[in-house]
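Accompanying notes for the structure given below.
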Amino acid sequence: MTTPEFPPPQSAVPDMPLPPSQPQQRIDDEPMRLITSFNDVFVVVASALLVFGTVWLTHSLPPWLTAWVCAALFWGLSEMFVRRRRMALPALVYCFGFIAAFASVGFIGIQAAAPGFGLGEHAPPDAEGLTLRTHVLLSLFASYAGIGVGTVLYWRRFRVPVTLAMGIGGAVFLTWLFVVILGHNLVGAMSVVSIVAGLAIFVWALRWDARDPQRTTVRSDVAFWLHLLAACMVTHPIFWALMPDHSVAAIAFFLLLTAISLAIDRRALMMSSLLYVMTAMLNLLVTSEDTRALAVVAIVVGGALLLLSAFWHPSRAAVLKLVPAGWRARLPH
């Protein structure tokens, strides 16, 4: 889902049709292309070697300059293999590399500009602690700025559908890393923020879907990646709160996610929750040290999901009958 028909640079909205895929593929199968041919793999491997060699040869330069060189390299490769050749897998890899390089520029720039924030050797311990926290926060915000700039530049030039989700996901990952390492007491609050932000992204993804209910343009690809990001941000904190003491509630929540997935015709919510629902079932069913319990649960869950996939269309039709007509008209069909 990373290979749009790229619009002219001045176009502000990606409404060009997607490249033709399998002619018999249905809309509710969520068509996606992560690779166009084996040449994608060939190009990605060659690009990895090129970037590795470039980083090795520029290691004597200031780190921020090396990051700029890498960003320029990913941009140049994208011009050839993404914008002109429209290759799927390289688009995904180059997008990640470009945004990561910009995030590194921000972080490394703060480190280079203020390696001690002016503290002398005899600074009081309290001052050192305050300066360290200030240093970390400035590095974090500089990385946010780098991610934001990199995401906007790459999206406006190449219109790769994963770009928006990758940029937001990078900022979310960076925030969680900061909280886990330096602010254990903020984990609870961060979980709430993650759920709220995930729901906002989920609504945004629905808006992208609503503008392309037939899933014939790049809008649906953008929605796919946003749904995937939103699913991770919403489901994980909720299941963390429910497991392992509230296994029944966890299973009920999974059933709710299944109904929502059917209604919006997206499977990301279910996929992000599989491990949790299997764990919940194990907590309810295992009363001994029977090592076959995991196999039984895997068979039950796997079989149920395969049945759901086989009868997805009639199952979705049944769920849509419960959705108000106004909403139903804006859902993929």
Side-chain angles (χ1 to χ4, degrees), residues 30 165 168-206 209 223-309 311-312 315-316 318-320 322-323 327 331:
E30 291 190 86
I168 299 172
V172 172
F173 172 79
L174 197 64
T175 305
W176 268 110
L177 186 66
F178 169 76
V179 169
V180 170
I181 294 178
L182 297 177
H184 295 287
N185 56 325
L186 299 176
V187 170
M190 182 60 194
S191 296
V192 176
V193 172
S194 178
I195 294 172
V196 174
L199 290 174
I201 295 172
F202 176 73
V203 172
W204 191 29
L206 290 178
D209 265 335
F224 168 83
W225 292 108
L226 291 175
H227 277 298
L228 195 62
L229 174 63
C232 295
M233 294 177 63
V234 173
T235 59
H236 292 318
I238 293 178
F239 278 109
W240 292 343
L242 295 176
M243 299 295 293
D245 298 327
H246 305 285
S247 298
V248 175
I251 295 175
F253 181 60
F254 178 78
L255 294 177
L256 174 63
L257 294 178
T258 301
I260 296 175
S261 299
L262 285 167
I264 66 175
D265 201 13
R266 294 289 185 184
R267 296 161 177 80
L269 289 171
M270 297 168 59
M271 288 299 298
S272 64
S273 310
L274 282 182
L275 182 60
Y276 297 109
V277 74
M278 290 182 64
T279 303
M281 292 180 66
L282 283 172
N283 290 340
L284 290 177
L285 300 179
V286 175
T287 58
S288 64
E289 297 298 327
D290 188 354
T291 57
R292 295 173 296 180
L294 178 59
V296 172
V297 170
I299 291 173
V300 171
V301 175
L305 292 179
L306 288 174
L307 284 174
L308 181 62
S309 178
F311 297 97
W312 183 271
S315 300
R316 182 167 187 259
V319 171
L320 286 178
L322 305 176
V323 179
W327 294 6
L331 292 173

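Counting non-hydrogen atoms of other residues, nucleotides and ligands closer than 6.0 Å to CE of Met271 gives a total of 12 or fewer. Counting heavy atoms of neighbouring residues, nucleotides and ligands inside a 6.0 Å radius, atom CH2 of Trp327 does not exceed 12 of them.
Looking at Ile264 and Leu331, their side chains come closer than 4.5 Å, going by heavy atoms from C-beta outward. Between Met233 and Ser194, the closest side-chain pair of non-hydrogen atoms falls below 4.5 Å. Side-chain contact between Thr175 and Val193: absent, with no pair of heavy atoms (C-beta onward) separated by less than 4.5 Å. Considering only heavy atoms from C-beta on, Val234 stays 4.5 Å or farther from Ile201 through its side chain. Residues Phe254 and Val301 are not in side-chain contact: their nearest non-hydrogen atoms beyond the backbone lie 4.5 Å or more apart. A 4.5 Å side-chain heavy-atom check between Trp176 and Val187 finds at least one atom pair inside the cut-off. Between Asp265 and Asp209, the closest side-chain pair of non-hydrogen atoms is not below 4.5 Å. At least one side-chain heavy atom of Ser315 sits less than 4.5 Å from a side-chain heavy atom of Leu308.
Leu257 and Met270 make their closest contact through O-CG, 4.3 Å (heavy atoms, listed as atom of the first residue, atom of the second, distance). Ala259 and Val319 get closest at one heavy-atom pair: O-CG1, 3.7 Å. Of all the heavy atoms in Arg266 and Ala223, the pair that sits closest is NH2-CB, 3.8 Å. Between Ala263 and Leu320 the shortest heavy-atom distance is O-CD2, 3.7 Å. The two atoms that bring Ala268 and Ala231 nearest to each other are O-CB, 3.6 Å, heavy atoms only. Across Tyr276 and Met243, no two heavy atoms sit closer than the pair O-CE, 4.0 Å.
Leu269 contributes atom CG, which lies 9.5 Å from atom CG of Leu228 (distance to the nearest 0.5 angstrom). Distance check: Phe239 CZ to Ser272 OG gives 7.5 Å after rounding to the nearest 0.5 Å. In this structure, Ser273 OG and Ile251 CD1 are separated by 12.5 Å, a value rounded to the nearest 0.5 Å. Of the inter-residue distances, the one linking Ser261 atom OG with Leu256 atom CG reads 9.0 Å to the nearest 0.5 angstrom. Considering CG of Leu226 and CG of Leu206, their distance stands at 10.0 Å, rounded to 0.5 Å. To the nearest 0.5 angstrom, Leu242 atom CG is 7.5 Å from Phe253 atom CZ.
Aromatic ring orientation, His227 versus Phe202: perpendicular (interplanar angle above 60°, classes split at 30° and 60°).
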